[in-house]
Amino acid sequence: MTPRDWLWLLHPALAVAAIYPLIGIVARLGAQTRQRREGWAKRPPTTGRDHSDLGRWLALGVVAIVLVALTVVIATAAPPAEFRGGAGRAVQLLLVLAGTMASLGALWWASAKGARLAFAVITWLGVLTLGAQPEVFRRGDHPLSAEFWSSHYWSGVAVVGLMLFSLGAKAEILREPRWRRVHVGASVLAGVLFVGLAISGARDLLELPLHWQKPALAACDWTAKVCAAPAPKGHDGS
Ligand code: HEM
Ligand code: HEM
């Protein structure tokens, strides 16, 4: 494992160790909030509050691990001296990253409706801008192709959008039954996407070679699923 390989492990490790446990807790508290409000079961009055407090951290965490993945993918695609587009592009991309993080922070603290909408949209656009860079692998871009639906990237940015919606619309979800219904629908969809991301993420880990193995795998034909046979060894094993 080179330092680059460790950097590539950061995103999956954070997802497994922090995000998925949080999804379980937030989903359970969400179900309990509903049970309490509908009078199906007796639950402590703090349930709704706990759900939305941890929900905010979940939304923040999901955007953060996606930014980690995108930064690592873009920054390590080539050695620093050979960075595509040179220092100018690197600075531009760093500005997009900083702007996206600032907008996420502003969304966390904003209270006016217009500001929350604007910061949620800006944060999502920032993630999409970084995701659109040529270094980022997107299995397929055509919504009618199987590759698109099995793409870790597209489910990832979709779930980021859903999390930003819940984070931005917290006040409305608390107050208005209509928005609460939209929130439950969006969260069920997010739940399905999270399961899909676990599968496509694990698949991608399986397919990604370690850094030093890459040149050997570049010689493989990925469509025919064959690799060149290794060079025969001499009698002395050399
Ligand atoms: C795994 C993701 C999530 C699931 C499955 C989920 C599910 C739910 C459910 C079932 C309810 C109860 C609706 C009702 O009472 O009819 C709810 C309420 C709520 N959720 Fe979520 N949610 C999720 C994520 C989030 C996130 C990320 C936030 C962001 C802040 C959030 C904020 C809220 C708020 C403010 C309420 C209203 C709480 C109350 O009535 O006291 N949720 N959610
Ligand atoms: C909250 C759930 C997750 C979200 C929203 C998410 C989203 C993303 C996004 C947007 C990318 C960048 C595009 C790409 O390179 O494909 C990415 C990369 C990646 N994801 Fe995930 N992912 C999640 C969970 C996972 C899990 C559970 C695993 C594996 C166990 C995983 C493994 C990977 C790998 C190997 C990469 C390549 C880049 C890297 O390792 O830094 N992801 N993910």
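Whatever order the structure lists them in is the order used to number ligands and atoms, beginning at 1.
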*Asks:* Please examine the side chains of L104 and I122, heavy atoms only from C-beta on, and report whether any two atoms are closer than 4.5 Å.
*Replies:* no
*Asks:* If we ignore hydrogens and angles and just use 3.5 Å, is the side chain of E38 paired with the main-chain N or O of Q35 as donor and acceptor?
*Replies:* no
*Asks:* Within the side chain of S151, is there an N or O that forms a donor-acceptor pair under 3.5 Å with the backbone of W154?
*Replies:* yes
*Asks:* Give a yes or no on whether the backbone of V157 and the side-chain of W124 come within a donor-acceptor separation of less than 3.5 Å.
*Replies:* yes
*Asks:* As an exercise, identify every atom of ligand 2 less than 4.0 angstrom from a heavy atom of I19.
*Replies:* 1 (C)
*Asks:* If only atom types and distance count, is the side chain of W179 paired as donor or acceptor with the main-chain N or O of A169 below 3.5 Å?
*Replies:* no
*Asks:* So, Y20 side chain and F194 main chain: donor-acceptor pair closer than 3.5 Å or not?
*Replies:* yes
*Asks:* Under a 4.0 Å heavy-atom limit, does E38 contact ligand 1 with its side chain, its backbone, both, or neither?
*Replies:* neither
*Asks:* Nearest non-hydrogen atom to atom 14 (C) of ligand 2 belongs to which of Y20, W8, F137?
*Replies:* F137
*Asks:* What is the number of protein N/O/S atoms located under 2.8 Å from atom 21 (Fe) of ligand 2?
*Replies:* 2
*Asks:* Relative to the heavy atoms of A202, which atoms of ligand 2 are at a distance of less than 4.0 Å?
*Replies:* 29 (C)
*Asks:* Which atoms of ligand 2 are found less than 4.0 Å from any heavy atom of V159?
*Replies:* 5 (C)
*Asks:* Of all the atoms in ligand 2, which lie at a distance below 4.0 Å from a heavy atom belonging to L205?
*Replies:* 29 (C), 30 (C), 35 (C)
*Asks:* Heavy-atom pairs closer than 4.0 Å: do any link ligand 2 to the side chain of L9, the backbone, both, or neither?
*Replies:* neither
*Asks:* For the residue pair V136 and L130, establish whether any side-chain heavy-atom pair is separated by less than 4.5 Å.
*Replies:* no
*Asks:* Test of understanding: given a 4.0 Å heavy-atom threshold, classify the contact between R37 and ligand 1 as side chain, backbone, both, or neither.
*Replies:* side chain
*Asks:* Relative to the heavy atoms of V26, which atoms of ligand 1 are at a distance of less than 4.0 Å?
*Replies:* 3 (C), 23 (C), 24 (C)
*Asks:* Quick one: nearest non-hydrogen protein atom to atom 1 (C) of ligand 2, plus distance?
*Replies:* F194 CE2, 3.5 Å
*Asks:* Going by the atom numbers of ligand 1, which of them fall below 4.0 Å from some non-hydrogen atom of T33?
*Replies:* 38 (C), 39 (C), 40 (O)
*Asks:* Counting heavy atoms only, which of A59, G61, G55, G185 comes nearest to atom 26 (C) of ligand 1?
*Replies:* G55
*Asks:* May I ask you to say whether K225 pairs ionically with D221, meaning some side-chain N is under 4.0 Å from a carboxylate O?
*Replies:* no
*Asks:* Just let me know how H51 lines up against ligand 1, side chain, backbone, both or neither, with a heavy-atom cut-off below 4.0 Å.
*Replies:* side chain
*Asks:* Has the side chain of T33 got a donor or acceptor atom that lies under 3.5 Å from a matching backbone atom of L29?
*Replies:* yes
*Asks:* My understanding is that we take every heavy atom of each candidate and find the minimum distance to atom 16 (O) of ligand 1. Doing that for R28, R34, R175, which one comes out nearest?
*Replies:* R34
*Asks:* So which protein heavy atom does atom 9 (C) of ligand 1 come closest to, and at what separation?
*Replies:* G30 O, 3.4 Å
*Asks:* Report yes if the side chains of M163 and V160 come closer than 4.5 Å at any heavy-atom pair, otherwise no.
*Replies:* no
*Asks:* Same cluster or not: are I173 and W109 linked, directly or through other Ile, Leu, Val, Met, Phe, Trp or Tyr residues, by side-chain heavy atoms under 4.5 angstrom apart?
*Replies:* no
*Asks:* Using heavy-atom distances only, which candidate in G191, S187, P177 approaches atom 3 (C) of ligand 1 most closely?
*Replies:* S187
*Asks:* Judging by distance only, is a nitrogen or oxygen of S52 under 3.5 angstrom from one on ligand 1?
*Replies:* no
*Asks:* Which residue and non-hydrogen atom of the protein lie closest to atom 31 (C) of ligand 1, and at what distance in Å?
*Replies:* H183 CE1, 3.4 Å
*Asks:* Does the R138 side chain pair with the main chain of G131, one donor and one acceptor, at a distance under 3.5 Å?
*Replies:* yes
*Asks:* Within a strict 4.5 Å, meaning less than it, do heavy atoms of the L9 and M1 side chains meet?
*Replies:* yes
*Asks:* Give the atoms of ligand 1, by number and element, whose distance to some non-hydrogen atom of I173 is under 4.0 Å.
*Replies:* 19 (C), 34 (C), 36 (C), 37 (C)
*Asks:* Checking the side chain of S103 only, and the main-chain atoms of G99 only, is there a donor and an acceptor separated by less than 3.5 Å?
*Replies:* no
*Asks:* Looking only at distances, please establish whether an N/O atom of ligand 1 is found under 3.5 Å from an N/O atom of K170.
*Replies:* no
*Asks:* Of all the atoms in ligand 1, which lie at a distance below 4.0 Å from a heavy atom belonging to G48?
*Replies:* 41 (O)
*Asks:* Please tell me if the side chains of R56 and L167 come closer than 4.5 Å, counting only heavy atoms from C-beta onward.
*Replies:* yes
*Asks:* Check whether any side-chain heavy atom of T71 sits under 4.5 Å from a side-chain heavy atom of L97, and report yes or no.
*Replies:* yes
*Asks:* Of the backbone atoms (N, CA, C, O) and the side-chain heavy atoms from C-beta on, which set of R56 has a member under 4.0 Å from an atom of ligand 1: side chain, backbone, both, or neither?
*Replies:* both
*Asks:* Let me see the working for E176 and R181 under salt bridge (charged side-chain N to carboxylate O under 4.0 Å, His left out), right down to the final yes or no.
*Replies:* CA-CA 9 Å; E176 298 174 35; R181 277 196 295 276; over 6 Å; no
*Asks:* Which ligand 2 atoms are under 4.0 Å away from a heavy-atom of L208?
*Replies:* 35 (C)
*Asks:* May I ask you to check if ligand 1 and S166 share an N or O to N or O distance below 3.5 Å?
*Replies:* no
*Asks:* Report yes if some heavy atom in the side chain of E172 is under 4.5 Å from a heavy atom in the side chain of K113; otherwise report no.
*Replies:* yes
*Asks:* Could you tell me which atoms of ligand 2, counted from 1 in the order shown, lie closer than 4.0 angstrom to a heavy atom of V73?
*Replies:* 15 (O), 38 (C)
*Asks:* Is there a side-chain contact between F83 and L93, using heavy atoms and a 4.5 Å cut-off?
*Replies:* yes
*Asks:* Identify the closest protein heavy atom to atom 12 (C) of ligand 2: which residue and atom is it, and at what distance?
*Replies:* L70 CD2, 3.7 Å
